[in-house]
Amino acid sequence: MNTPEKDPRRFRLVISITVFILFTMLIVAILLLIGVLPHKNDPTEDTSSASTTGAPVTEVTEKPEASETPKTEKPEKEVRVEQSIIENMASATEVKGITVTDEMLEKGILNEGNKTRLMNVMERAARGEAITIAYIGGSITAGSLANPQETGCFAALTTKWWSDTFPKAKINYVNAGIGATDSWVGAHRAADDVNSKKPDLVVCEFAVNDGQGWNQETYDSLLRTLLTGPSEPAVVALMIAHKYGSFADKHAPVAFKYELPIITYSALLTQKLVSWEKVGNADGTHPDNPGHQLIAHLLTSYYRKVLSEINDTKPGEYKVPKLSGSLTRCRYTNADILYSDELTADSSIGFEAGPVYKILNHDQGWKTQTGGFLTFTVEAREIGVIWLQRNSDPNGKYATYELFIDGESKGLLPGVAESWGTHLEYKTEMLGDEPATHTIELRQAEGTTGSEFEILGIGVSR
């Protein structure tokens, strides 16, 4: 029998099909091996998800996808003061008869300054702690021509905002304003009249009275004395003006150096944003009630702004600039007033130590009704004699004295001079950069009439 010849085309077809089947089986095996295709008998097969992903359900449910970043929750914002206190804080002091514009507030808050210490005080007040707020300055700070003076002055009005905003806190109020005084007197009074009260906040104002050549340095020294006091208070620089201006231009550079908040009622007057007739008295110096209210409005508007920002501000730290960075030499920082109950005269004729006319917070001085002389020895680098001066003498009662330091005449101390009323006056002399022993002598001036004279205290810087 003859065997039929093989068909080459059929043979090639069979070979191709066989190769294709084998290649397909190989691909399927590889896919099964790496897990792309599901195993028919796999008990973990999930037809809802694994059929599309090809991954076992345990991997899908227990591991995040490689491209997914785990989510982290943002930390909650620190609440320094309860939101309810902020939402219900007292309004800025009302100013009767005057509309306070945005421009007035913008000009009146000259510098927001470093708010660290002030925010710390607000935190403590919000917790219900006792807070002491002190004010030091001249007659406007004391409340002159506010009616009633005790509650109508800017200091009392501003303190009321604190009491109304923080009703759980005990707010202690210290008004250390004394009429006709400048920052020389303030620097010598600060330790005794302010720092000894351990204030948490001090408002300092002397721009009206600081007309002496040394006042920028005494103002600089005063701010440094307050800021470095035992209680390390927050300090606000307040700048007030009379009808014809102020010395705020000398104070502002100093306050900027200390990064202090600067509130300037002075700018509103000098830039004609408000007229003197609407806020001031006919004497051209002192504000009436609307003026005191406007000053308080500027201060309380600033406080409101600070409180509204407190929960968005992390607690910080305020450091008093080094002395080397001060605008002046600050030679009045370690200053004090010596009274007769702590300083004994070396020799005295005609003078008695004891109570005198009370202008300063202490009334222990020296006075004479018959004339005479008085000598002291003190350790100091600067000396100032503070005496009582009147504005009239119809009966010729009051004498003029001459001041000698280390035997050298430093000028006359008139018991009478044209002024606005009975007030204190002082004469100061800087004697060196370091404390040294000096003698002070007071003698009745030659040719003077009258015999009465009162020394209120001896100012020294050590």
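If you run side chain to side chain contact (heavy atoms under 4.5 Å, CB included) between Ile263 and each of Leu238, Asn111, Ile295, only Leu238 comes through.
In this structure, a donor-acceptor pair under 3.5 Å is absent between the side chains of Thr328 and Glu217. Side-chain atoms of Thr285 and Asp283 include no donor-acceptor pair closer than 3.5 Å. There is no side-chain donor-acceptor pair under 3.5 Å between Trp214 and Glu382. If you check the side chains of His362 and Asp192, you find a donor sitting under 3.5 Å from an acceptor. For the residue pair Asp346/Thr375, the side-chain donor-acceptor check at 3.5 Å is not satisfied. Remark: the Tyr135 side chain and the Thr159 side chain contain an N/O donor-acceptor pair separated by less than 3.5 Å. Checked by atom type, the side-chain pair Asp220/Tyr258 shows a donor-acceptor distance below 3.5 Å.
A 4.5 Å side-chain heavy-atom check between Leu105 and Leu298 finds at least one atom pair inside the cut-off. Taking 4.5 Å as the limit, every side-chain heavy atom of Val174 sits out of range of all side-chain heavy atoms of Pro199. Side-chain contact between Phe351 and Ile455 is present, with heavy atoms from C-beta onward closer than 4.5 Å. In this structure, Met239 and Ser246 have side chains that are not in contact, with every pair of non-hydrogen atoms separated by 4.5 Å or more. Side-chain contact between Leu294 and Val274 is present, with at least one heavy-atom pair separated by less than 4.5 Å. Between Tyr398 and Pro414 the shortest side-chain heavy-atom distance does not fall below 4.5 Å. At least one side-chain heavy atom of Arg462 sits under 4.5 Å from a side-chain heavy atom of Asn334.
Taking the six-membered ring for Trp and thresholds of 30 and 60 degrees, Tyr332 and His188 have ring planes more than 60 degrees apart, a perpendicular arrangement. Aromatic ring pairs are classed by plane angle as parallel below 30°, tilted from 30° to 60° and perpendicular above 60°; the pair His286 and Trp420 is perpendicular.
Atom-to-atom distance recorded for Leu456:CG and Leu360:CG is 5.5 Å, nearest 0.5 angstrom. Note: Lys367 NZ to Glu452 CD = 9.0 Å, rounded to the nearest 0.5 Å. Taken to the nearest 0.5 Å, the CG atom of Leu307 stands 12.0 Å off from the OH atom of Tyr302. Note that CG of Asn209 and CG of Asp182 are 7.0 Å apart. Values are rounded to the nearest 0.5 Å. Rounding to the nearest 0.5 Å gives a distance of 9.5 Å between CE of Met119 and CG of Asn114. Expressed to the nearest 0.5 Å, how far NZ of Lys250 lies from CG of Asp210 amounts to 11.5 Å.
Side-chain N or O atoms of Tyr401 include one that pairs as donor or acceptor with a backbone N or O of Gly372 at under 3.5 Å.
Taking the charged nitrogens against the carboxylate oxygens, Asp200 and Arg124 do have a contact shorter than 4.0 Å, which makes a salt bridge. Look at Arg80 and Glu78 and you find no salt bridge, because none of the NZ, NE, NH1 or NH2 atoms lies under 4.0 Å from a carboxylate O. With salt bridges taken as basic N to acidic carboxylate O contacts below 4.0 Å, one links Arg390 and Glu454. In summary, Glu103 and Lys107 do not engage in a salt bridge, as defined by a charged side-chain N under 4.0 Å from a carboxylate O.
A distance of 6.0 Å or more separates the ring centres of Trp162 and Tyr173.
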